[in-house]
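Naming: A, B, ... by sequence-line order, numbering from 1 per chain.
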Number of protein chains: 2
Amino acid sequence: MSSTDDLQANARIRGAAMDLFGKQGIRATTVRQIAQAAGVSPGLVIHHFGSKDGLRRACDEWMMAQITATKTAAVSGGGAMEAVFRAQNQFRPFYGYIAASISEGGEGADRLFEAMRRLTRDMFDVGVPAGILREPSDIDAMSTVLVALTLGATMLEGQLARHLGGEHLLDPEVMPRYSITATELFTYGIFADDTMLRQIQAAFAKPPPDGL
Amino acid sequence: MSSTDDLQANARIRGAAMDLFGKQGIRATTVRQIAQAAGVSPGLVIHHFGSKDGLRRACDEWMMAQITATKTAAVSGGGAMEAVFRAQNQFRPFYGYIAASISEGGEGADRLFEAMRRLTRDMFDVGVPAGILREPSDIDAMSTVLVALTLGATMLEGQLARHLGGEHLLDPEVMPRYSITATELFTYGIFADDTMLRQIQAAFAKPPPDGL
DNA sequence: GTCTATATAATGATAGAC
DNA sequence: GTCTATCATTATATAGAC
């Protein structure tokens with residue numbers, strides 16, 4: 001019982017921390033706020049995790065465990081592409097925390113970004129042979145850029161949602177408009193043809209004629 | 001002379017603030033750090049701007065002035081599309097600050113995001129008739145999403161650059177790979193065809209069959 | 001395990017000399 | 001205009017009772 005209660009308080013504190021870290025940023029979130037949200041005293045938070053940074057590390061490790069566990073399940077199960085998409089959606093509630101943790105740096109940030117990049121790369125490895133995704137010319141770079149764009153947009157969720165007619169990305173007025181627009185962008189791009197792409201490829205292929 | 005020196009110190013402080021705000025975030029940056037970077041005492045920073053928040057407001061206002069000034073120049077000058085692209089590039093060094101200011105909220109954040117969104121929308125208004133850009137089905141949503149994606153990626157510059165083989169986005173090893181990949185994404189998208197787009201459009205067009 | 005103090009460090013802001 | 005010294009506030013972390 002006591003060990004069960006312990007685990008519950010532990011999990012409640014971690015959950016509250018990930019929620020607030022994701023919404024306000026890690027530095028902007030105080031131990032007192034976390035304690036209040038979890039319904040415990042500030043002292044208990046430190047008692048369990050040693051320090052605020054220890055709590056943050058615990059959040060990173062929990063998140064990593066979720067990602068690796070899901071990846072294993074996705075690979076072993078049937079319907080590979082659906083599983084990969086499901087994995088992406090499954091983590092959307094945590095995008096806020098992931099983005100905050102990565103953007104504020106620290107030890108776990110690199111591993112967390114790498115895990116997300118791997119997840120996205122797996123999506124290409126499965127989706128290209130399946131005929132769902134086109135093959136990027138630089139699959140590692142494309143995975144990296146996609147993760148940065150997706151996580152980055154999460155950090156600006158408030159502005160995004162406000163301009164799309166709501167408060168949060170998951171609001172019923174906002175979500176359709178965002179999903180359709182993002183999918184349209186990832187289907188057709190924004191350029192009418194490949195003129196710009198060839199210009200940029202050419203510009204970087206040879207040493208520039210003059211400065212810059 | 002004295003007034004000239006005053007302006008110089010003022011500008012130096014503001015410049016140091018925008019640099020550090022952009023790199024570390026506003027909350028994470030201390031008045032002492034800004035003072036040291038600008039080569040002045042912490043007291044002088046407060047003396048000139050009243051408070052840390054006053055300094056931040058001054059940065060927002062300076063940034064807004066730059067954007068509006070450039071917009072005017074771009075519209076009045078010839079070669080509209082080139083001017084718009086030039087405007088986008090001109091602000092890249094400040095993307096870090098813009099993203100930080102917007103993501104940490106406050107008074108100026110909304111105006112700043114709106115200014116960037118207008119700038120991007122103008123790009124479509126000029127680029128679509130010119131045959132350079134395809135017409136999005138929801139041009140306001142597309143402008144908003146593009147700004148969020150672009151600014152958001154800036155916040156993760158460190159990770160982006162690290163995976164692309166360098167330290168900063170502007171490094172000579174990193175920039176070509178990033179530019180080409182991003183342009184490829186914005187030219188071809190990632191999907192092989194419009195299957196996914198039609199699925200999502202259909203899913204949101206009618207009330208979902210069951211929960212969610 | 002959990003709470004209530006309390007100690008300590010860092011930060012934004014002020015006051016007054018030059 | 002600029003600096004040094006200081007204050008007041010806030011936040012993390014500790015200590016000890018229950």
Value in whole Å for how far the [atom2] atom of [N] lies from [atom1] of [X]:
X	N	atom1	atom2	value
B:L20	C:dT11	CG	C1'	16 Å
B:I46	D:dC7	CD1	C1'	14 Å
B:N10	D:dG1	CG	C1'	11 Å
B:Q36	C:dA10	CD	C1'	15 Å
B:Q8	D:dT2	CD	C1'	15 Å
A:Q33	D:dT12	CD	C1'	13 Å
B:R56	C:dA13	CZ	P	13 Å
A:K52	C:dA10	NZ	C1'	13 Å

Whether A:S101 side chain and A:Y97 backbone form a donor-acceptor pair below 3.5 Å:
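Between the backbone of A:Y97 and the side chain of A:S101 there is no qualifying donor-acceptor contact (under 3.5 Å).
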Hey, does the side chain of B:S179 reach the backbone of B:P176 with a donor-acceptor pair shorter than 3.5 angstrom?
no
Taking side-chain hydrogen bond (donor to acceptor under 3.5 Å, both in side chains) as the criterion, tell me which of B:D138, B:T144, B:D140 meets it with A:R177.
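The side-chain hydrogen bond (donor to acceptor under 3.5 Å, both in side chains) with A:R177 is passed solely by B:D138 among B:D138, B:T144, B:D140.
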Residue [X], side-chain heavy atoms: nucleotide from [options] that is nearest:
X	options	answer
A:L44	D:dC3, D:dT12, C:dT2	C:dT2
A:S51	C:dG12, C:dC3, D:dA13	D:dA13
B:A9	D:dT12, C:dG12, D:dT2	D:dT2

Side-chain N or O of B:H48 closer than 4.0 Å to phosphate OP1/OP2 of D:dT2:
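Answer yes for this pair, as a side-chain N or O of B:H48 is under 4.0 Å from OP1 or OP2.
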Looking only at non-hydrogen atoms, find the nearest pair between A:A16 and A:A37 and report the distance.
CB-CB, 3.9 Å
What nucleic acid atoms does A:S41 come within less than 4.0 Å of, heavy atoms only: base, sugar-phosphate, or nothing?
base
How do A:H47 and A:R27 order along DNA chain C: which one's closest nucleotide is nearer the 5' end?
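Looking at DNA chain C, the more 5' nearest nucleotide goes with A:H47.
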Map B:T30 and A:P42 onto DNA chain C by nearest heavy atom, then report which one ends up closer to the 5' terminus.
A:P42
Quick one: do A:Y178 and A:D171 satisfy side-chain hydrogen bond (donor to acceptor under 3.5 Å, both in side chains)? Show the steps, please.
CA-CA 10 Å; A:Y178 174 70; A:D171 284 352; over 6 Å; no
